Amino acid sequence: EDALHLCVGDDPQQMCETIGDSWRRRFETEKIVFVTSSWEIHKRFLLRAGFFHALEISLGFVAPRMIQPLIDNLDSAPSTSLVYAACVALAPILGSLCNSQFDMTSNRIGYRCTGGYTCFVFNKIIRLSQTSLASYGQGKLVNIMQVDTQRVSRAFFFFFYLWSMPVMLIGALVLLFQMLGWACLMPVFVMFCTYKFNQLLTTRLMTLGAGLNRCRDNRVKLFTEVLHALRLCKMLAWEHQLADMIDVKRREEMKLLNNLKYWQTVLGLLFGGSATAIVQLATFSVYILFGGELTAGVVFSSLAIFDMLQVPMSLLPITVQYLAQTYVSVMRIEKLLRAQEVDDRVPEVSFIRARPMAAKAVAKPVLAPVRIQNAQFLWPKTGEDDSDEDFAQPPAQTRRRCCERFRRRQQHAEALLESGDNLMNTIVPQRAPQLSIKTLQILQGKFVLVTGAVGAGKSTLLSAILGEIPQLLGTVELLGSVAYCSQIPWILQGTVQHNITFGETFDEERFSQVVEACCLTPDLRQLANGADTVIGERGINLSGGQKARIGLARAAYSQASVYLLDDPLSAVDAHVAASLVSNCLGPKGYLANKTRILVSHQTQFASEADTVLIMRNGEIVAAGPASEFSKEELQSAAASDR
């Protein structure tokens, strides 16, 4: 309440929506959307900042130009010198005011861009498909959302320097030409001599920046995994081994960071303050050799102009290195924003998800909320995508080869690689599909038990129904709302009540029925504050069975149409599992009128199910009522050995 309200248009959510609208209009036709999108959104602020920056630069030329007539007329015309002195004094004051406006406007653009792109990238990450998530590690996603967006927001200062530095350079050279003649070309000659070296340094900085990003991604990914499994690491006494692994990643990152700072130092020495002193000495020497006469007015005015020249020459290395890093960040953000999302499908695939069902039609047994027809699914290969190499390395065509035969062989290999089919753009997979379903139809209100050996594809079947696995062929239809209970329960840091209601309106009667059906009543009595007991991060103060039942209760409280349950009975005792099936999942349980798909190895509950599916090697090998299978057949199907 004490925080100040944001100005209109500065709200991150509003800016995220604006960026999203601009992105959707441009991403199919433009290669780099960031530049044109930023101009469209921040055009008014960019013009305002550019006006004040141009005015600041113009006022910067006043004082150096007035110094020479001020000194020359000091004895002959004191009143005229007083006017020149007033100009010399007022110009920096007005320039400082313009600089303040420029800084404020540029910072505001940066803050708007930071908030908007952070929200936009986060919304994109939660919509990524499994194929895209497999190519991006957790550390890389965190760096893109935090580091790259921050770097992009601070790039607007250097955007203005791209045009202001040439203007300052040309204006300073014109003033020097009026005073020193052709000797003023010495700064241009020095910059021309160092141009090629500057280009090589820029390429080197971009390569090192891309490599540093990859090392930082790997380190953050490893460190995040260690933090998530910290308790296991302590129990197994792996502290020293994991510390050594993190130290190796850190040393690799520090090595590249040292190299990057080394080259930045070289660039700073080349175009920094020492370069200005050398240029001044060379310019005055050439002026004297051409027969010029150095007077007090010429010297002091020229030194003031050289101070102006020092600004573009000193800002050049900073601008080059920052814009090179910003280019890497922009390309990383652009590639992430163009990554495949969950709802993106290839033409050969049909997926209908979460279509609402009519209230009267729900009671009809002929409805099939889940239907799969001639579908094939394949998990993507794991491993992070080294996308930075696409723009970090120089083009292959510019590399010289000693052998013409090798060059032809390389071009032939590149042609073969370019003609290769992508996994998601072809109906012929490069690997065997991990799940193949010819026909599967689950009617409304039925209880289906899916069993099979370890690795048979039971959990993959639920992921396929949810659309969380890349689909190669066929049709998947999912009608109505869905509640999913994962094999590893996800626990929110909050009270037990908040974990069960999960953002929905609290209904005391429904809450009591769900708690009773999920066998949580004895547990709530044991907890200090009952349903208001605060659960620690990731359910640290709960047992595995309690977390599984809270996850099941959350799904039951949602009143969804279809329930996908990934083995919630494995974490509870046998008598608790029997109570859960009887009171919640069975034909007389709390979810008796809902469509339930239960993945479990506990085949003793098959008699409670309407249909039993037996899976083996990613296929449904048998399906039917439980009465068609003997007890031995079900136990053999659920055995670990395939």
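Just so you know, these numbers use all the heavy atoms, side chains as well, and skip hydrogens, waters and symmetry mates. Please read these numbers as outputs of a predicted model, since none were measured by experiment.
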Indicate yes or no: does K249 engage E253 in a salt bridge with an N to O separation below 4.0 Å.
no
In this structure, are over 12 heavy atoms from other groups packed under 6.0 Å from F160 atom CZ?
yes
Are the side chains of V152 and C113 in contact, using a 4.5 Å heavy-atom criterion?
yes
Return all side-chain donor-acceptor pairs below 3.5 angstrom for residues 32-40, not counting sequence neighbours, or 'none' if the list is empty.
residue, atom, partner, partner atom, Å
T36, OG1, E30, OE1, 2.5
T36, OG1, V33, O, 3.3
S37, OG, S22, OG, 3.0
S38, OG, F34, O, 2.7
E40, OE1, S22, OG, 2.9
E40, OE1, R25, NH2, 3.2
E40, OE1, R26, NE, 3.0
E40, OE1, R26, NH2, 2.8
E40, OE2, R25, NH2, 2.2

Side chain to side chain, S106 and F45, heavy atoms closer than 4.5 Å:
no
In terms of heavy-atom contacts, G20 and F120 come closest through CA-CE1, 3.6 Å
Side chain to side chain contact (heavy atoms under 4.5 Å, CB included) with E17: which residues, sequence neighbours excluded?
Q13
To the nearest 0.5 Å, tell me how far R112 CZ sits from Q14 CD.
8.0 Å
Do R554 and F502 meet the cation-pi criteria used here (NZ or CZ under 6.0 Å from the six-membered ring centre, within 45° of the axis)?
yes
Can you list everything that forms a salt bridge (Lys or Arg N to Asp or Glu O under 4.0 Å) with R549? Sequence neighbours excluded, please.
D523
Between L613 and K458, is there a side-chain heavy-atom distance shorter than 4.5 Å?
no
With a 6.0 Å cut-off (strictly less than), is the heavy-atom count around CE of M165, excluding the residue itself, greater than 12?
yes
Partners passing ring pair (Phe, Tyr, Trp, His ring centres under 6.0 Å) against F506 (at least two apart in sequence or in another chain):
F511
Does Y111 have more than 12 heavy atoms from other residues, nucleotides or ligands lying within 6.0 Å of its OH?
no
State, without any angle test, whether D566 and S486 hold a side-chain donor-acceptor pair at a distance under 3.5 Å.
no
Least distance between heavy atoms, N123 atom then C16 atom
ND2-SG, 3.4 Å
Who are the ring pair (Phe, Tyr, Trp, His ring centres under 6.0 Å) partners of F52, not counting sequence neighbours?
none
Could you give me the CA-CA distance, side-chain angles and deciding distance for E504 and R510, then say whether salt bridge (Lys or Arg N to Asp or Glu O under 4.0 Å) is met?
CA-CA 12 Å; E504 294 192 12; R510 187 186 0 155; 3.4 Å; yes
Ring pair (Phe, Tyr, Trp, His ring centres under 6.0 Å) with W238: which residues, sequence neighbours excluded?
none
Please answer whether the main-chain N or O of M104 pairs with a side-chain N or O of Q101 as donor and acceptor at a distance below 3.5 Å.
no
With sequence neighbours excluded, residues passing ring pair (Phe, Tyr, Trp, His ring centres under 6.0 Å) with H53:
F102, Y161, W163
Sidechain-backbone polar pair: K594 side chain, S561 backbone, donor-acceptor under 3.5 Å
no
My understanding is that only residues two or more places apart in sequence, or in another chain, count here; which of them pass side chain to side chain contact (heavy atoms under 4.5 Å, CB included) with L257?
L212, M254, K261
Evaluate the criterion side chain to side chain contact (heavy atoms under 4.5 Å, CB included) for residue pair E225 and L242; output intermediate values, then yes/no.
CA-CA 10 Å; E225 292 176 354; L242 293 174; over 6 Å; no
Can you name the nearest heavy-atom pair linking P568 to L598, along with the distance?
CD-CD1, 3.5 Å
Please answer whether the main-chain N or O of L591 pairs with a side-chain N or O of R596 as donor and acceptor at a distance below 3.5 Å.
yes
Flag side-chain contact, heavy atom, 4.5 Å: L256 against R214
no
Taking CG in L47 as the centre, count heavy atoms belonging to other residues, nucleotides or ligands within less than 6.0 Å. Is the count above 12?
yes
Check the pair Q325, R151 against side chain to side chain contact (heavy atoms under 4.5 Å, CB included), reporting the backbone distance first and the verdict last.
CA-CA 8 Å; Q325 296 175 357; R151 183 177 295 156; 3.7 Å; yes
Residues in side chain to side chain donor-acceptor pair (under 3.5 Å) with T105, at least two apart?
none
Run through I125, I333, L337, T149 and flag the one making a side chain to side chain contact (heavy atoms under 4.5 Å, CB included) with I144.
I333
For D21, enumerate each residue passing the salt bridge (Lys or Arg N to Asp or Glu O under 4.0 Å) test, keeping only those at least two apart in sequence or located in another chain.
R24
With heavy-atom distances below 4.5 Å as the criterion, would you say the side chains of I597 and I465 are in contact?
yes
Non-hydrogen side-chain atoms of I442 and V562 separated by less than 4.5 Å:
no
The side chain to side chain contact (heavy atoms under 4.5 Å, CB included) partners of A553 (sequence neighbours excluded) come to I500, V514, C518, L520
Which heavy atom of I437 sits nearest to which heavy atom of L440, and what is that distance?
CG2-CB, 3.8 Å
Is the shortest distance from a Lys or Arg side-chain nitrogen in D244 or R250 to a carboxylate oxygen in the other one below 4.0 Å?
no
Residue pair P369 / T595: nearest heavy atoms and the distance that separates them:
CG-OG1, 3.6 Å
Once you round to the nearest 0.5 Å, how far does OG1 of T114 lie from CD1 of I109?
11.5 Å
Counting only N and O atoms by type, is there a donor-acceptor contact under 3.5 Å from the side chain of D567 to the main-chain atoms of Q487?
no
Pairwise distance CD1(I620) to OG1(T439) - rounded to 0.5 angstrom
9.0 Å
Counting distance only, does the side-chain N/O of N107 pair as donor-acceptor with the main-chain N or O of D103 below 3.5 Å?
yes
To the nearest 0.5 angstrom, please state how far the CZ atom of R216 sits from the CG atom of N218.
11.5 Å
Report yes if the side chains of E477 and Q373 come closer than 4.5 Å at any heavy-atom pair, otherwise no.
no
If I compare all heavy atoms of A339 with all of L128, which pair ends up nearest, and what's the gap?
CB-CD2, 3.7 Å
Report yes if the side chains of V482 and L564 come closer than 4.5 Å at any heavy-atom pair, otherwise no.
yes
To the nearest 0.5 Å, what is the distance between CG (N213) and CE (M331)?
13.0 Å
Which distance, rounded to the nearest 0.5 Å, do you find between the CG of D148 and the CG of L336?
9.5 Å
Report the residues that fulfil side chain to side chain contact (heavy atoms under 4.5 Å, CB included) with A155, sequence neighbours left out, ordered by chain and then residue number.
Y322, T326
Can you list the steps and then say if D217 with R332 is a salt bridge (Lys or Arg N to Asp or Glu O under 4.0 Å)?
CA-CA 12 Å; D217 295 339; R332 282 159 59 96; 3.2 Å; yes
